[in-house]
K.L.:
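Sharing a structure here in structure tokens format.
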Amino acid sequence: MRHIVVAVDGPAGSGKSSVSRRVAAEMGLKYIDSGALYRSITWQVLQSEGVVTPEFAFSAGMAGMDITQEFLPDGTSRTRINGNDVSLLIRDEAIARNIGIISDNRDVREFVNGLLRKWARKESVIMDGRDIGTVVFPDADLKIYLDASADVRAARRVKEYRELGKDVDENVIKKQIILRDEQDRERPFGALVRADEAVYIDTSHMTMDQVVERIKDCIRAIV
Ligand code: CDP
Ligand code: CDP
């Protein structure tokens, strides 16, 4: 297969990560989780500062951070900062609460984008996020925009929480999803925008298998 970059963007809960992981594992691509980088930087700031304030500035020391991401054959990823595996730590609720200031910061975004571009030069990748096809790889070989209604996306998140044994209120989750959509669409740099040339897939009434097959067909058509 020739070297390719597949960009997958869309709102929270549209299925980007679960679908991209499967496509990667089934087609021999590396999956790159860009959200995990914003999470990792948030974790690092919380570790060193204890809080993330609106005055947050990205320091030279932080720019020297060694962040790596490995994609394993079982479809999971390992993200490490200076060799420490933070994959589970970055899923903590405190990260989600503090990530907004970090992912709105222009210097952070440039740092993350530099890493993503460096990794994608080395091998064929499928990468998910909000601005992958618009900002990080405007020349991506294939751009996918995954979508689903807020109701469906909230129901998916509720199901995930319930499977983990957590009792959550569907209305609260829906409000969080709508708020996150606003934040993602209104961010000054790297906002979630649907690129005109992206293949638009409304997954509201599709199974994961159907979405995976649709993206695999798109990839087969370009390699
Ligand atoms: O990465 P993103 O926030 O876009 O979504 P995800 O974490 O991959 O997917 C959210 C949930 O939706 C997961 O539990 C998936 O299994 C589920 N899903 C689904 O039910 N149907 C789809 N077509 C895609 C994802
Ligand atoms: O929680 P979820 O799986 O939907 O998000 P994620 O992909 O883990 O991303 C975590 C946060 O980073 C989200 O709040 C996004 O707004 C932000 N993000 C971003 O600003 N740009 C990206 N390319 C990816 C994520």
Side-chain angles (χ1 to χ4, degrees), residues 5-21 23-25 29-49 51-52 56-72 75-138 140 143-146 180 183-185 187-193:
V5 172
V6 180
V8 181
D9 292 301
S14 55
K16 300 179 298 296
S17 135
S18 43
V19 166
S20 301
R21 286 172 196 283
V23 170
L29 304 171
K30 178 174 179 182
Y31 164 68
I32 296 178
D33 179 353
S34 69
L37 300 192
Y38 292 101
R39 287 174 179 273
S40 297
I41 294 167
T42 307
W43 179 82
Q44 183 63 55
V45 174
L46 286 175
Q47 280 296 106
S48 49
E49 312 289 328
V51 283
V52 182
F56 165 78
F58 191 63
S59 65
M62 300 197 74
M65 240 183 327
D66 177 34
I67 306 190
T68 58
Q69 200 173 80
E70 194 185 353
F71 180 60
L72 303 173
T76 61
S77 305
R78 289 275 170 279
T79 304
R80 293 187 175 84
I81 303 182
N82 301 329
N84 299 320
D85 187 342
V86 295
S87 317
L88 288 178
L89 301 170
I90 61 174
R91 300 290 148 195
D92 195 88
E93 179 57 29
I95 302 294
R97 272 190 277 113
N98 289 283
I99 202 166
I101 289 170
I102 301 295
S103 50
D104 277 353
N105 183 284
R106 187 174 201 155
D107 296 332
V108 169
R109 296 202 78 88
E110 279 175 8
F111 172 75
V112 167
N113 293 349
L115 275 181
L116 298 173
R117 291 182 187 125
K118 184 173 87 177
W119 293 347
R121 274 199 290 274
K122 293 190 190 147
E123 56 200 310
S124 287
V125 300
I126 180 166
M127 188 181 293
D128 79 329
R130 304 297 188 288
D131 60 342
I132 307 302
T134 50
V135 175
V136 188
F137 292 104
K143 299 179 187 180
I144 306 280
Y145 188 96
L146 291 186
R180 189 101 83 86
Q183 287 169 345
D184 284 342
R185 294 199 169 104
R187 172 165 299 129
F189 324 102
L192 172 64
V193 182

K.L.:
Restricting to non-hydrogen atoms, name the atom on V52 and the atom on L46 that form the minimum distance, rounded to 0.1 Å.
P.N.:
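Residues V52 and L46, closest heavy atoms: CG2-CD2, 3.9 Å.
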
K.L.:
Could you pull out the closest heavy-atom pair between P138 and K143, with the gap in Å?
P.N.:
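Taking P138 first and K143 second, the nearest heavy atoms are O-NZ, 2.7 Å.
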
K.L.:
Given side chains that start at C-beta, do those of F71 and I32 come closer than 4.5 Å, heavy atoms only?
P.N.:
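F71 vs I32: side chains apart.
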
K.L.:
Can you give me the closest heavy-atom contact between I95 and L89, atom names plus distance?
P.N.:
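Minimum heavy-atom contact is CG1-O, 3.8 Å.
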
K.L.:
Please examine the side chains of I132 and L116, heavy atoms only from C-beta on, and report whether any two atoms are closer than 4.5 Å.
P.N.:
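They are in contact (side-chain heavy atoms under 4.5 Å apart), so the answer is yes.
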
K.L.:
Decide side chain to side chain contact (heavy atoms under 4.5 Å, CB included) for F137 and M127; before the verdict, give the C-alpha distance in whole Å, the side-chain angles of both, and the deciding distance to 0.1 Å.
P.N.:
CA-CA 10 Å; F137 292 104; M127 188 181 293; 3.6 Å; yes

K.L.:
Suppose we screen for salt bridge (charged side-chain N to carboxylate O under 4.0 Å, His left out). Which residues come up paired with K16, at least two apart in sequence or across chains?
P.N.:
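With sequence neighbours excluded, K16 shows a salt bridge (charged side-chain N to carboxylate O under 4.0 Å, His left out) to no residue whatsoever.
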
K.L.:
Among all residues two or more places apart in sequence or in another chain, which pass the salt bridge (charged side-chain N to carboxylate O under 4.0 Å, His left out) test with R117?
P.N.:
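If we apply the salt bridge (charged side-chain N to carboxylate O under 4.0 Å, His left out) test to R117, skipping adjacent residues, there are no hits.
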
K.L.:
Assess the residue pair L115 and I67 against the criterion (side chain to side chain contact (heavy atoms under 4.5 Å, CB included)); give the C-alpha distance rounded to whole Å, side-chain angles, the decisive distance to 0.1 Å, and a yes or no.
P.N.:
CA-CA 8 Å; L115 275 181; I67 306 190; 4.0 Å; yes

K.L.:
Between I126 and A24, what is the shortest heavy-atom contact and its length?
P.N.:
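Heavy-atom minimum between the residues: CG2-CB, 3.6 Å.
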
K.L.:
Determine whether V45 and M62 make a side-chain contact, defined as any pair of heavy atoms from C-beta on separated by less than 4.5 Å.
P.N.:
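V45 reaches M62 side chain to side chain.
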
K.L.:
Of all heavy-atom pairs between S40 and I81, which one has the smallest distance, and what is that distance?
P.N.:
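That would be O-CD1, 3.4 Å.
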
K.L.:
Taking only residues two or more places apart in sequence, or in another chain, which ones meet T79 in a side chain to side chain donor-acceptor pair (under 3.5 Å)?
P.N.:
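Expected list: Q69.
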
K.L.:
Taking the side chain from D9 and the backbone from Y145, do they hold a donor-acceptor pair closer than 3.5 Å?
P.N.:
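No; judged by distance alone, with no hydrogens or angles, the pair does not exist.
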
K.L.:
Using side chain to side chain contact (heavy atoms under 4.5 Å, CB included), reason through M65 and F111 one step at a time and then give a plain yes or no.
P.N.:
CA-CA 10 Å; M65 240 183 327; F111 172 75; 4.3 Å; yes

K.L.:
Just to verify, what does D92 make a salt bridge (charged side-chain N to carboxylate O under 4.0 Å, His left out) with, not counting sequence neighbours?
P.N.:
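Salt bridge (charged side-chain N to carboxylate O under 4.0 Å, His left out) list for D92, sorted by chain: empty.
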
K.L.:
May I have all residue pairs that pass side-chain hydrogen bond (donor to acceptor under 3.5 Å, both in side chains) and include part of residues 119-133, sequence neighbours excluded?
P.N.:
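Found Y31-D128, R109-D131, R130-D184.
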
K.L.:
Which residues pass the salt bridge (charged side-chain N to carboxylate O under 4.0 Å, His left out) test with R91, sequence neighbours left out?
P.N.:
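In terms of salt bridge (charged side-chain N to carboxylate O under 4.0 Å, His left out), with neighbours along the sequence ignored, R91 is linked to D33.
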
K.L.:
Between V5 and A120, which heavy-atom pair has the shortest distance, and what is it?
P.N.:
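Minimum heavy-atom separation between V5 and A120: CG2-CB, 4.2 Å.
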
K.L.:
Hey, does R21 have a side-chain heavy atom less than 4.5 Å from the side chain of S77?
P.N.:
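Side chain of S77 against side chain of R21, heavy atoms only: contact under 4.5 Å found.
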
